[in-house]
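See below for the structure under consideration.
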Amino acid sequence: MSVPLRTAVDYVEDVSPGSGTLPPRAWYASSDATSLSLNGDWLFRLSPAAGAEDDSFAREGFDPDGWARIAVPGHWVLQGHGSPVYTNHRYPFPVDPPRVPTENPTGDHLRVFDLPPHWPDRSDGEAVLRFEGVESCARVWLNGTELGTFKGSRLPHEFAVGRLLKTVGNVLAVRVHQWSAGSYLEDQDQWWLPGIFRDVTLSHRPVDGVRDFFVHAGYDHRTDTGTLRVDSAVPGRVTVPGLGIDVPTGEPVTVPVEPWSAEVPRLYEGVLATGGERVPLRIGFRTVEVSDGLLRVNGRPVLFKGVNRHEWHPERGRALDPATMREDVLLMKRHNVNAVRTSHYPPHPAFLDLCDEYGLWVIDECDLETHGFTEAGWRDNPVDDDRWTPALLDRAARMVERDKNHPSVVLWSLGNEAGTGRGLTAMAEWIHGRDPSRPVHYEGDPDCRDTDVYARMYAGHAEVERIGRGLDGGPRRRRRLPFLLCEYAHAMGNGPGGLAEYQRLFESYERLQGGFVWEWIDHGIAHPELGYAYGGDFGEELHDGNFVCDGLLFPDRRPSPGLVEYRKVIEPVGITGDGTDGTVRVTNRYDVADLSALAFSWSYQVDGETVASGPLPVPPLAPGESADVTLPVPPHDAPAGEAHWLVRAALAADTAWADGGHVVAWGQFPASERTAPHVTATARPRTGDGVLTLGPGTFDARTGALVAVGDAAVDGLRLDVWRAPTDNDEGAAWQSDPRCGPLWRGIGLHRMRHRLDAVEIGEDALTVRTRVAPAGRELGLSTVYRWTSDGDRLRLTVCVLPEGDWTVPLPRLGIRFGLHTVDRVRWFGGGPGEAYPDTRMAAAVGRWQSTVDGMQTPYVRPQENGARIDVRWAELGGLRVEGDPLFLLTARRWTTEQLDAAAHRTDLVPGDTVWVNLDHAHHGIGSQSCGPGPLPRHHLRPRPAEFSFVFSPLPSRSPGV
Ligand code: IPT
């Protein structure tokens, strides 16, 4: 007898989008129709295969004895049932479309509910059951009757259910399969997280209620008028009291309006009223167009300062609550971000409401990625196979229909990394036909056959500049299109480096209309033993490690140094000066707004302390305008020292997204020169008892090793060139440029040997000659330490001379040593946060203090971090150190080797020693974890170098140290 193994689950592997669902329509948060949220506690049973359990659970009277409870919205793998899987682009199952594995975790969900007391009578209309998002495929029953099936995880699906509803004891049964034919279209770089992860609602649909409607609200910048027309499937009236509008649906009306923009998100409240329902409208008037090769909103070109946002919460995965969505928007606004690409699927619809309200340009991206087909040269790619086209069109329609009424959505995106094919063309044609008011984006087709913008990802600076100059050639159609970097500046671990240089290009060439940093937040999963888990931590057989942690926010939404840097680089006001002519140049870099919402102030700082400050009147410059604004005369009684001007632009009044006083831009520039520390070599080295003393320094007389400065014991001071490679140092395997991390290790820079060649005790100096080199290589660094003192202070000058054929940059060049009893660290230099040569724009010169723990940056995978740049002097552990020239400072409770070996933060166990690095230089950071390495000018090339540090003991119990 042959068993019909597949019949019960055929729909799972069917390429069609589903059956039984209603046509897609516009989303709105509320109306006066009754609705019932079905979010909350559901009953749950997990089975190992799609056909493992029959569908008796969906019948009325089924006894769910022993079933677990699960939170909806949620993912079962984050609630103790099975575990998450992370792959970047490889499918975590055999690629044989549309077939999926027999091992197909299947979650049966049950919810029993009563209708609320005032639920309208059946004669008053229909009822609709709506799922905002279920991954990856669902089959739904109500009161024992099957409603249908659907795929398209991050898209809404609705069923008409009125005829089945009862007043009490309704049984809603939902069977969810982790894998389905739809999974082939959802190969985004993220965790695979099955479940009912967005809201479930039941809403009453009154007779003559609003069904689908399309708000057309264009703005004509020549006449400052808006034209509103609301098309509605059910005719009705549209009122906008603030504009005196009261018109029937379908009828256009033109009135003077203020336009909507991300900078000034003017929304007008209105109502769409049909016979049976009133739906609130929030109307933003704006016109998007590509004309003369530029993407314009309301007639003006815009510059996207964007981020790619995946939905993420470290405990709840993609089941985001409203507060988290709002937090994302507020964080973006406060960090000068003006645009979001909803990578790589339409977000929860409430997020777009927030974008309308607070002001963010949105590229709304369809839930489509078939990246894994690249492994076989894109053979069998669903987007080039007509059998899949209905599913693709279904996805396009579900996105466009749901989101079409959001003014924030300015471009539609077909999806991500899906190669090329007829299915994409069909999607683009449908979208262009349904909504000609928005351009279409897609990155994966270099010919731009279906798109209105030319988009690329991870192109290096030189190529972006060529594109900006129009020298990139390519197909004719493409050459006329505006350019976006839909992904760049891969924010994995420490970095990204090179943001400022990209921004300079965007600001220089009008064709370059900005970019979207990859990506907004690390997708680390909160884990009891590991801190945050990443790929492989759940025993996945295929995974891509910590490539899933590549955001500007840490998983807990604390901004990483990358976001702080980005905020500085994309400031909407340029503030520059050179301190020579008593002026500061202020440039309005907004696209739309003048500067009247900002209050400027100046301060005059000496040795990092503010000695005078005041308001700075700045004219309300229009976008693109600059002015040279006169600074006050520096106070004549200011103390001597190194002086700086600091000019800030802050919100003059509270806004929806930040309080008055919030600084949106600043500029700092020198007002005097710095004097380097000077030590006259007057003290003489003295030996006795195996030790040698020179001023405050005590040395081992035999090896010349420093053992103490004053009372502060010093361990193992020596040259250091190694840093725990960052994700960007390691680089992605596919990068064509040589990757630093592996090269460094290949040479042996992580295991340098220090040979002692000579200890020379001179009249006024101790000189220690060494050679620092890895085993097995001829390469080396001849290193000479020369110590002198004036009796109070001890000066170390390090001379480094590369020997042999160095072909790779050095990770770092400086000294390291161990100290004890360090807690507070004070310094005068760049701060308050981490900075490296190509991630240093946000470092302001000042006096800063922190603790050793506070100086660590909590990258999910431990790596080099926490350097403070341009340090003049630092005080820690009983020592004061001055630099000549300026230096980078790092201090940590573990060694670089321990940092390098750690896979998670929980592997880092503090020891008794604080390891301090004083670096003359660091290699740049770049973004080679997916993109270009550091620009050549940020390479640390081995060449002769000389640098000095001046050490002095601090009086014990010096305040703050
Ligand atoms: C690119 C993807 O679009 C994105 O989803 C993410 O995976 C990113 O890379 C890296 O984190 S695709 C890459 C092959 C350039």
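Whatever order the structure lists them in is the order used to number ligands and atoms, beginning at 1.
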I need the atoms of ligand 1 closer than 4.0 Å to a non-hydrogen atom of [X], numbered in the order shown.
| X | answer |
| --- | --- |
| Asp550 | 11 (O) |
| Asn416 | 2 (C), 3 (O), 5 (O) |
| Met457 | 1 (C), 3 (O), 12 (S), 15 (C) |
| Asn88 | 7 (O) |

Once you restrict to heavy atoms under 4.0 Å, what part of His490 touches ligand 1? Side chain, backbone, both or neither.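 Contact part for His490 vs ligand 1: side chain (C-beta onward).
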Asp445 side chain to Thr420 backbone, donor-acceptor under 3.5 Å: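 No; zero donor-acceptor contacts below 3.5 Å.
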Side chain of Tyr184, backbone of Arg99: donor and acceptor closer than 3.5 Å?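 Yes; judged by distance alone, with no hydrogens or angles, the pair exists.
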Can we call the ring centroids of Trp192 and His523 under 6.0 Å apart?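 No, the ring of Trp192 stays outside the 6.0 Å limit from the ring of His523, centre to centre.
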Could you tell me whether some N/O pair between [X] and ligand 1 is separated by less than 3.5 angstrom?
| X | value |
| --- | --- |
| Glu369 | no |
| Glu487 | yes |
| His371 | no |

Tell me which one of Glu311, Glu135, Glu132 satisfies salt bridge (charged side-chain N to carboxylate O under 4.0 Å, His left out) with Arg198.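 It is Glu311, the one option of Glu311, Glu135, Glu132 that forms the salt bridge (charged side-chain N to carboxylate O under 4.0 Å, His left out) with Arg198.
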Just to verify, which of Arg745, Arg723, Arg861 counts as forming a salt bridge (charged side-chain N to carboxylate O under 4.0 Å, His left out) with Asp900?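 For Asp900, the salt bridge (charged side-chain N to carboxylate O under 4.0 Å, His left out) check succeeds only for Arg745.
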Atom 8 (C) of ligand 1: the protein heavy-atom neighbour that sits closest, reported with distance to 0.1 Å: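 Nearest protein contact, heavy atoms only, for atom 8 (C) of ligand 1 is Tyr458 OH, 3.2 Å.
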Heavy-atom nearest neighbour in the protein, as seen from atom 6 (C) of ligand 1, with distance rounded to 0.1 Å: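 Nearest neighbour among protein heavy atoms for atom 6 (C) of ligand 1, to 0.1 Å: Asp189 OD2, 3.2 Å.
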Hey, are the side chains of Phe373 and Pro97 touching, using non-hydrogen atoms and a 4.5 Å cut-off?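 Answer yes - side chains close enough.
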Parallel, tilted or perpendicular, judged at 30° and 60°: which one describes the rings of Phe197 and His75?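 Parallel.
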May I ask you to decide if the ring planes of His157 and Phe150 are parallel, tilted or perpendicular, using 30° and 60° as cut-offs?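 Parallel.
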Nearest heavy atom to atom 13 (C) of ligand 1: which of Glu417, His344, Gln188 does it belong to?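 Going through Glu417, His344, Gln188 one by one, Glu417 has the nearest heavy atom to atom 13 (C) of ligand 1.
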